[in-house]
Protein chains: 2
Amino acid sequence: MFPGLITHIKKYVDLSEADVQLLSKQVELLQVKKKEMLLQEGQVCRSQYFVEKGCLRLFYLNHKGVEQTTQFAIENWWLSDYMSYDLQAPAQFSIQAIERSEIVCLDLAAQDSLVRELPQLERYFRLILQRAYAATQVRFRIHYELSKEENYNQFVSSFPGFVQRIPQYMLASYLGLTPEYLSEIRKKHS
Amino acid sequence: MFPGLITHIKKYVDLSEADVQLLSKQVELLQVKKKEMLLQEGQVCRSQYFVEKGCLRLFYLNHKGVEQTTQFAIENWWLSDYMSYDLQAPAQFSIQAIERSEIVCLDLAAQDSLVRELPQLERYFRLILQRAYAATQVRFRIHYELSKEENYNQFVSSFPGFVQRIPQYMLASYLGLTPEYLSEIRKKHS
DNA sequence: CGGTCTCTTGACGGAGTTCAAAGCTAGTGG
DNA sequence: CCACTAGCTTTGAACTCCGTCAAGAGACCG
């Protein structure tokens with residue numbers, strides 16, 4: 001059903017066959033089409049999403065009405081609007097599939113009973129959140145340190161192949177620059 | 001010893017008197033002076049730090065040799081170089097007290113045995129990491145959305161009184177602008 | 001009170017944005 | 001499977017926010 005998630009969990013904690021059965025009852029596998037929305041800004045975010053296959057993005061509508069992408073999630077990453085998920089308050093972000101994707105969906109109530117049934121998952125989620133948080137500390141460092149041009153080059157070499165999977169304007173948005181300027185940078189480096 | 005931490009934990013999970021005793025054996029209370037360093041860039045980060053009283057900052061030395069502050073931590077916040085802490089690899093950041101502070105220090109091995117003795121702390125750490133991660137998602141949104149000037153105004157009104165506790169140049173650094181430009185902005189708004 | 005760190009001021013320069021318009025590409029329906 | 005169209009990407013010129021540099025004024029600590 002969702003081999004990626006099982007393998008991922010087993011990297012951090014033990015999981016028996018019986019545990020996998022319990023897990024299967026609490027999560028749902030979604031087949032989503034390109035551009036399909038999993039969460040709309042303003043709604044309450046009821047789930048966390050794990051990418052088995054494909055790619056998601058987190059974005060919001062800025063003051064000019066333009067979509068601003070703030071995060072991508074590829075295979076083996078969890079994504080959610082955590083503030084909305086945590087507080088069950090209206091979301092400040094939308095979540096959308098960039099490609100046709102397979103997504104494991106875990107909602108708040110399910111996660112709650114799941115971590116009670118399988119206490120080692122409490123540990124799993126703690127550890128992956130710690131990793132994710134660590135990654136944002138590094139991301140802030142990069143943001144402060146590099147110029148937009150350097151940031152682009154660093155991104156491209158850090159995630160080879162990924163650039164081909166997403167439209168330029170989304171990458172530009174994520175890197176905090178305009179499509180026009182990104183185009184200029186690309187011209188230089190070719 | 002550290003009433004702030006106990007109260008903080010009890011907001012998320014139950015904690016008996018006996019539990020508090022166990023906890024006390026695994027953590028250490030540090031009295032640190034203004035400008036005292038808790039972690040030096042390049043060293044392995046062995047602990048997470050909880051601010052009982054005072055204020056810490058996370059920073060690194062940029063390519064020009066200037067200190068770049070990326071995070072502050074005030075009362076009831078945890079702070080660490082999580083990448084270094086997690087992997088026990090050399091830190092990319094330093095941690096320093098901005099004021100005379102009381103800091104609860106929890107190191108990796110202690111945290112490990114602690115969460116085994118008190119499984120509810122596994123949950124506590126998961127929840128506070130989720131909150132912290134949620135906060136960074138919001139912080140990124142602000143970073144993308146606001147101009148430097150707007151960002152400054154937003155920060156001042158979000159944390160009234162805090163601005164007085166730190167030197168201008170640290171705030172400027174955190175907001176990603178120069179002390180000179182911050183000075184100009186402040187002139188406008190007075 | 002003296003020296004060092006911090007904050008302010010102003011002139012100048014450049015990285016990156018904005019706007020407008022012309023190519024290009026990919027998804028859609030016939 | 002092709003043609004059409006909407007949306008994406010590129011180009012270039014003008015502009016602006018903000019950084020850099022240098023110098024002076026203030027503030028804090030020993």
Nearest-nucleotide 5' precedence on DNA chain D, B:L177 against B:K34: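 It is B:L177 whose nearest nucleotide is closer to the 5' end.
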
Ring center gap for A:F72 and A:F162 short of 6.0 angstrom: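 They qualify: ring centres under 6.0 Å apart.
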
Side-chain N or O of A:T178 closer than 4.0 Å to phosphate OP1/OP2 of C:dG16: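 Checking A:T178 against C:dG16: no side-chain N or O falls below 4.0 Å of OP1 or OP2.
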
Ion pair check, B:K35 and B:E67, cut-off under 4.0 Å: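 Answer for the salt bridge query: no.
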
Ion pair A:D14/A:R123, N-O distance below 4.0 Å: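 Result for this pair is no, no salt bridge flagged.
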
Any A:Y174 side-chain heavy atom under 4.5 Å of A:F59 side chain: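 They are not in contact (no side-chain heavy atoms under 4.5 Å apart), so the answer is no.
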
Residue pair B:R186 / B:Y152, side-chain heavy-atom distance below 4.5 Å: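 The answer is yes; the side chains approach within 4.5 Å.
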
Using whole Å, report how far [atom1] of [X] lies from [atom2] of [N].
| X | N | atom1 | atom2 | value |
| --- | --- | --- | --- | --- |
| A:E99 | C:dA26 | CD | P | 15 Å |
| A:E36 | C:dG27 | CD | P | 17 Å |
| A:E149 | C:dG14 | CD | P | 15 Å |
| A:Q164 | D:dT9 | CD | P | 13 Å |
| A:L146 | C:dA15 | CG | C1' | 14 Å |

Distance, nearest 0.5 Å, that separates OH of B:Y144 from NE2 of A:H143: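 B:Y144 OH to A:H143 NE2: 4.5 Å, rounded to 0.5 Å.
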
CG on B:L61 to CD on B:Q92, rounded to 0.5 Å: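 Nearest 0.5 Å value for the CD-CG distance: 13.0 Å.
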
Scan nucleotides 5-9 of chain C against the protein and return all N/O pairs shorter than 3.5 Å with their distances rounded to 0.1 Å.
| residue | atom | partner | partner atom | Å |
| --- | --- | --- | --- | --- |
| C:dT6 | OP1 | B:Y169 | OH | 3.2 |
| C:dC7 | OP1 | B:Q168 | N | 2.6 |
| C:dC7 | OP2 | B:Y169 | N | 3.1 |
| C:dT8 | OP2 | B:S183 | OG | 3.2 |
| C:dT8 | O5' | B:S183 | OG | 3.2 |

DNA chain C-proximal residues of residues 150-163 of chain A, any heavy atom under 4.0 Å: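 The answer is none.
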
Positive for ring pair (Phe, Tyr, Trp, His ring centres under 6.0 Å) with A:Y133, one of B:Y82, B:Y133, B:F125: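 Looking at B:Y82, B:Y133, B:F125, the match for A:Y133 under the ring pair (Phe, Tyr, Trp, His ring centres under 6.0 Å) is B:Y82.
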
